[in-house]
There are 2 protein chains.
Amino acid sequence: MSVSKTIPVAWQRAHDHGQCIAPAINAAARICESRGIRLTPLRRRVLELVWENHKPVGAYGLLDELKREHSSAAPPTIYRALDFLVEQGLVHRIQSLNAYVGCNDPGHSHKGMFLICNDCGDALEIEDKGVANTIDRFASRLGFLLTSQSVEAAGLCPGCQEA
Amino acid sequence: MSVSKTIPVAWQRAHDHGQCIAPAINAAARICESRGIRLTPLRRRVLELVWENHKPVGAYGLLDELKREHSSAAPPTIYRALDFLVEQGLVHRIQSLNAYVGCNDPGHSHKGMFLICNDCGDALEIEDKGVANTIDRFASRLGFLLTSQSVEAAGLCPGCQEA
DNA sequence: TATTGTTATGATATAATATAACAATATCCG
DNA sequence: CGGATATTGTTATATTATATCATAACAATA
Ligand SMILES: [Zn+2]
Ligand SMILES: [Zn+2]
Ligand SMILES: [Zn+2]
Ligand SMILES: [Zn+2]
């Protein structure tokens, strides 16, 4: 990864995809193994495709890629695989984009938060206790029983501000 | 509004729609007036329909209602009106539901947050500085330029937990 | 009042996203 | 094995959203 003087190091570190595909797949395999559920070839391949994109990617984008090597693939094929991966916390759905992105840190439940660049379309997953805790406090004060939360912020990433 | 012993008063207060339609429309009219933009009859009517639902409602739901009195209405009709209302902060879009709900407190920019009941479908808008500030801090630490944020939490409202 | 630029709406078509329903296989487990 | 369960195949359809071009209303001048 090249280094820019004008782009904050924090962002560069946080955002470095590096060689992340194989480790992500291996981690997913271990997680599924330990849970006694099946990361079938199809599900594994969809997870790889999600990671290969290195950006949030839509279900139909993934479907097009999958079709090249798996001619029987149809919308339900990809949605089933994605539903499985999301349920298992291996992939996150970005609500504001109708798109999916691999989870940086699967295996232990975390309340993620995303910074989404409106220009390059990239999304950075942030581990954040503060936001999640604040939401929890609000909810419990109101007697609301939380089951899920989605925090998405959009704007311009450091790289896209330079132009 | 009836009072329940088992439902927190905080929720009941926060969630009391009461007679909110006329004040909301009047506030919207004043805001548009002051901004020099036009709350046309069509836009006003769509805003009324949003409020009449008292819940997040989808574009096509609104369209069906609008068609009864406005036979020329088509998808672009409703989406244009909604885009206008959202841009002006009079209506919020709930990303996780693909639905729209009237803003409780339009006129001054606020970073809202929603508690969404998975059972009754209702959504409570919460004014919250804490969450917004935390997100702001994260973003600026990373050099990310924020333009919008969406915070949505789902679960069960007090009423729906009783059953 | 004409001219003209701008904004808003009408109208038709189509794109993009997501699910229903049922059949066919594959896997698991006694 | 044989029956139950889980996964995938297949077709059709539902739901949400936008593109495009034409027309109408409005606003700002001349
Ligand atoms: Zn994650
Ligand atoms: Zn960017
Ligand atoms: Zn609001
Ligand atoms: Zn409820």
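We name chains A, B, ... by the order of the sequence lines, and we start the count at 1 in each one.
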Classify Arg44(B) by what it touches in the nucleic acid, base, sugar-phosphate, or nothing, heavy-atom distance under 4.0 Å.
nothing
Is Arg43(A) touching bases, backbone alone, or none of the nucleic acid, heavy atoms closer than 4.0 Å?
sugar-phosphate
Restricting to non-hydrogen atoms, name the atom on Val50(A) and the atom on Gly102(A) that form the minimum distance, rounded to 0.1 Å.
CG1-N, 3.3 Å
Looking at the side chain of [X], which of [options] is the nearest nucleotide?
| X | options | answer |
| --- | --- | --- |
| Leu42(A) | dT11(D), dT8(D), dT18(D) | dT8(D) |
| Pro76(A) | dC21(D), dA17(D), dT11(D) | dT11(D) |
| Tyr100(A) | dA18(C), dT11(D), dT9(C) | dA18(C) |
| Asn98(B) | dA20(C), dT9(C), dA17(D) | dA17(D) |
| Arg93(A) | dT12(C), dA18(C), dT8(D) | dA18(C) |
| Ser72(B) | dT11(D), dG10(C), dA17(D) | dG10(C) |

Between [N] ([atom2]) and [X] ([atom1]): distance, integer Å:
| X | N | atom1 | atom2 | value |
| --- | --- | --- | --- | --- |
| Leu85(B) | dA8(C) | CG | P | 12 Å |
| Leu63(A) | dT17(C) | CG | C1' | 11 Å |
| Tyr60(B) | dT17(C) | OH | P | 14 Å |
| Ile78(A) | dT10(D) | CD1 | P | 15 Å |
| Leu39(B) | dA8(C) | CG | C1' | 13 Å |
| Leu62(B) | dA17(D) | CG | C1' | 14 Å |
| Glu87(A) | dT7(D) | CD | C1' | 14 Å |
| Phe84(A) | dT5(D) | CZ | C1' | 15 Å |

May I ask you to evaluate whether His70(B) reaches the phosphate of dT9(C), defined as a side-chain N or O under 4.0 Å from OP1 or OP2?
no
Hey, does the side chain of Thr40(B) come within less than 4.0 Å of dA8(C)'s phosphate (OP1/OP2), counting only N and O?
no
Is the distance between the ring centroids of His92(A) and Tyr100(A) under 6.0 Å?
no
Pick out which of Leu90(B), Leu85(B), Val91(B) makes a side chain to side chain contact (heavy atoms under 4.5 Å, CB included) with Pro106(B).
Leu90(B)
Verify side-chain hydrogen bond (donor to acceptor under 3.5 Å, both in side chains) between Glu152(A) and Ser96(A), making sure each step is shown before the conclusion.
CA-CA 8 Å; Glu152(A) 301 175 11; Ser96(A) 57; 2.6 Å; yes
Nearest-nucleotide 5' precedence on DNA chain D, Tyr79(B) against Arg38(B)
Tyr79(B)
Salt bridge (charged side-chain N to carboxylate O under 4.0 Å, His left out), that's the test. Do Glu69(A) and Arg45(A) meet it? Break it down for me.
CA-CA 10 Å; Glu69(A) 63 204 50; Arg45(A) 186 68 190 117; 2.3 Å; yes
Could you let me know what dA28(D) is paired to, Watson-Crick or G-U wobble, both distances under 3.5 Å, or none if it's on its own?
dT3(C)
For dT5(D), the Watson-Crick or wobble counterpart (both distances under 3.5 Å)
dA26(C)
Derivation and outcome, side-chain contact (heavy atoms from CB on, under 4.5 Å), residues Phe84(A) and Cys32(A)
CA-CA 11 Å; Phe84(A) 171 86; Cys32(A) 290; 4.2 Å; yes
Taking the nucleotide of DNA chain C with the closest heavy atom to each, which residue, Leu97(A) or Ser71(B), is nearer the 5' end?
Ser71(B)
